[in-house]
A.B. asks: 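Handing you a structure now.
Both ligands and their constituent atoms are indexed starting at 1 by order of listing. For the single chain, residues carry numbers from 1 onward in sequence order.
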Amino acid sequence: MQTTLDDYEVIETIGTGSYGTCKKIRRRRDGLILVWKEMDYGMMTETEKQMLVSEVNLLRELKSPYIVRYYDRIIDRTNTTIFIIMEYCKGGDLATLINKCKKEGSYLDENFIWKILIQVTLALKECHERKNGKAVLHRDLKPANVFLDTDKNVKLGDFGLARVLHHETSFANTFVGTPFYMSPELVNNMSYNEKSDVWSMGCMLYELCALRPPFVASNQAELNRKIRLGEFARIPLHFSDDLNTIQKKMLQVDVSKRPSITELLAEPLVASRLPKVE
Ligand SMILES: CNC(=O)c1c(C)[nH]c(/C=C2\C(=O)Nc3ccc(Cl)cc32)c1C
């Protein structure tokens, strides 16, 4: 049966981004706590609306313990708004966690960082595996899009929609926030590919360690130059050489030298840390 907005009670707003607003909600019939992401599609062309709907349907097929679970979607045509109903992640997002560490002058524990690396890689493996012949690329991997559940396990959110919402004519075309994680191939106006998600994950791994992105600049031109050069300081010395080695592999400027998700999972330093399959 088609659900409606009245089937849910809004508790509070928990996040706003370039793609819309995230609200904590309660499902009235059983009290289950969920979230919905509200997105205004009013400025989209018919093609873009179709892309958004097929994108959401595709994402609903993704099944991984490390990807936020999609429950439902409600389309409010009166207000040209789509509500995507998803799993609630009590631990919040990694961007908030990084900012908390910066304020406290503390670093994240290395074992926790390895756990995030492994679980995000497994989430991207699920995305990149062909679904009906179509890979779902995240395209906007960053700490603000990685969430934690009650047990501090990773829940990757907000992927695939970026392609639709960043479409030239779409209303979300205004760049919100500096693209610190933009890959060299994107800077060089080449096509985004699965290894571009690996680059973004390498940038995120660096930021989890150093509490700042690997490439920082005061303007886009300078940022592009630094990304193309691909030079960055080692992650803080108290982190192991193993973590440093993996992180450097993910930030290879040359795409052919950068590992794919499958190759990354086969790296001994990663493979030895994968969860045992029951
Ligand atoms: C400070 N952040 C929070 O309090 C927070 C919490 C506790 N949860 C979230 C966000 C989500 C959440 O809890 N589930 C989600 C599913 C998909 C997406 Cl794109 C976002 C979320 C946020 C932003």
Side-chain angles (χ1 to χ4, degrees), residues 3 5 7-27 30-41 51-75 81-104 106 108 112 116 119-120 122-124 126-127 136-166 170-172 176-177 179 181 197 200-201 204 207-208 211:
T3 53
L5 296 174
D7 294 321
Y8 302 93
E9 172 200 352
V10 174
I11 299 170
E12 60 181 334
T13 297
I14 52 176
T16 52
S18 54
Y19 306 135
T21 303
C22 206
K23 294 184 179 177
K24 183 177 177 181
I25 58 175
R26 180 182 291 110
R27 190 164 62 181
D30 58 5
L32 180 64
I33 299 297
L34 297 166
V35 302
W36 73 30
K37 182 171 266 296
E38 303 176 15
M39 286 183 282
D40 183 347
Y41 60 81
M51 277 172 70
L52 180 56
V53 172
S54 59
E55 201 81 42
V56 173
N57 290 334
L58 186 71
L59 295 178
R60 289 168 68 178
E61 288 169 27
L62 291 169
K63 295 277 183 275
S64 162
Y66 309 119
I67 294 178
V68 289
R69 181 177 160 192
Y70 281 72
Y71 277 76
D72 203 349
R73 63 172 164 79
I74 299 170
I75 297 175
T81 302
I82 182 169
F83 299 80
I84 303 176
I85 296 154
M86 298 169 280
E87 165 183 11
Y88 177 62
C89 305
K90 189 176 181 182
D93 61 279
L94 291 184
T96 304
L97 191 58
I98 290 168
N99 287 331
K100 181 169 175 284
C101 287
K102 280 160 65 170
K103 280 197 188 105
E104 293 172 353
S106 61
L108 291 168
F112 178 56
I116 293 172
Q119 295 186 350
V120 170
L122 291 170
L124 288 177
E126 171 69 14
C127 296
V136 178
L137 306 183
H138 192 283
R139 300 172 179 276
D140 194 21
L141 193 62
K142 58 186 178 183
N145 285 340
V146 179
F147 306 94
L148 298 169
D149 68 7
T150 319
D151 305 317
K152 286 202 161 186
N153 286 310
V154 155
K155 299 287 179 176
L156 182 57
D158 242 356
F159 42 84
L161 300 180
R163 175 177 40 201
V164 181
L165 300 183
H166 269 304
S170 78
F171 66 94
V176 177
Y181 289 10
D197 275 346
S200 299
M201 191 164 61
M204 186 170 73
E207 187 165 357
L208 287 168
L211 306 180

A.B. asks: Just by distance, do the side chain of K24 and the backbone of W36 share a donor-acceptor pair under 3.5 Å?
C.D. replies: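 Checked: no pair found.
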A.B. asks: Return the minimal non-hydrogen interatomic distance between V68 and C89, and the atom names on each side.
C.D. replies: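 The pair with the smallest heavy-atom distance is CG1-SG, 3.7 Å.
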A.B. asks: Looking only at N/O atoms, are D93 and ligand 1 under 3.5 Å apart anywhere?
C.D. replies: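 Yes.
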A.B. asks: Kindly say whether N153 contributes a backbone atom to a donor-acceptor pair with the side chain of D151 at under 3.5 angstrom?
C.D. replies: no
A.B. asks: Kindly confirm or rule out an N or O of C89 lying under 3.5 angstrom from an N or O of ligand 1.
C.D. replies: yes
A.B. asks: What is the nearest protein non-hydrogen atom to atom 20 (C) of ligand 1, stated with its residue, atom name and distance?
C.D. replies: F147 CZ, 3.3 Å
A.B. asks: Is the count of non-hydrogen atoms from other residues, nucleotides or ligands lying under 6.0 Å from K90 atom NZ greater than 12?
C.D. replies: no
A.B. asks: Under 4.0 Å from any heavy atom of Y88, which atoms of ligand 1 are there?
C.D. replies: 7 (C), 13 (O), 14 (N)
A.B. asks: Kindly say whether S64 contributes a backbone atom to a donor-acceptor pair with the side chain of E126 at under 3.5 angstrom?
C.D. replies: no
A.B. asks: Donor-acceptor pair, N145 side chain versus L141 backbone, under 3.5 Å?
C.D. replies: no
A.B. asks: Starting from atom 14 (N) of ligand 1, locate the nearest protein heavy atom and write down its residue, its atom name and how far away it is, to 0.1 Å.
C.D. replies: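 Answer for atom 14 (N) of ligand 1: E87 O, 2.8 Å.
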A.B. asks: Which residue supplies the protein heavy atom nearest to atom 23 (C) of ligand 1, what is that atom called, and how far is it?
C.D. replies: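 Among all protein heavy atoms, the one nearest atom 23 (C) of ligand 1 is I14 O, 3.3 Å.
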A.B. asks: From atom 19 (Cl) of ligand 1, work out which of K23, K24, K37 has a heavy atom at the shortest distance.
C.D. replies: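 Looking at heavy atoms only, K37 sits closest to atom 19 (Cl) of ligand 1.
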A.B. asks: Does K90 approach ligand 1 within less than 4.0 angstrom via side chain, backbone, both or neither, non-hydrogen atoms only?
C.D. replies: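 The part of K90 near ligand 1 is the backbone, not the side chain.
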A.B. asks: Which atoms from ligand 1 have a heavy atom of T96 less than 4.0 Å away?
C.D. replies: 1 (C)
A.B. asks: By the definition side-chain contact (heavy atoms from CB on, under 4.5 Å), identify the one residue from L97, L108, V146 that meets it with L208.
C.D. replies: L108
A.B. asks: State the atoms of ligand 1, each with its element, that fall below the 4.0 Å cut-off from a heavy-atom position in C22.
C.D. replies: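 Here the atoms of ligand 1 in question are 20 (C), 21 (C).
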A.B. asks: Counting each atom of ligand 1 from 1 as listed, which ones have a heavy atom of V35 under 4.0 Å away?
C.D. replies: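 What qualifies from ligand 1 is 12 (C), 13 (O), 14 (N), 15 (C), 16 (C).
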A.B. asks: Nearest protein heavy-atom contact for atom 5 (C) of ligand 1: which residue, which atom, what distance?
C.D. replies: G92 CA, 3.7 Å
A.B. asks: Answer yes or no: is there a donor N or O on one side and an acceptor on the other, between the side chain of K63 and the main chain of R60, under 3.5 Å?
C.D. replies: yes
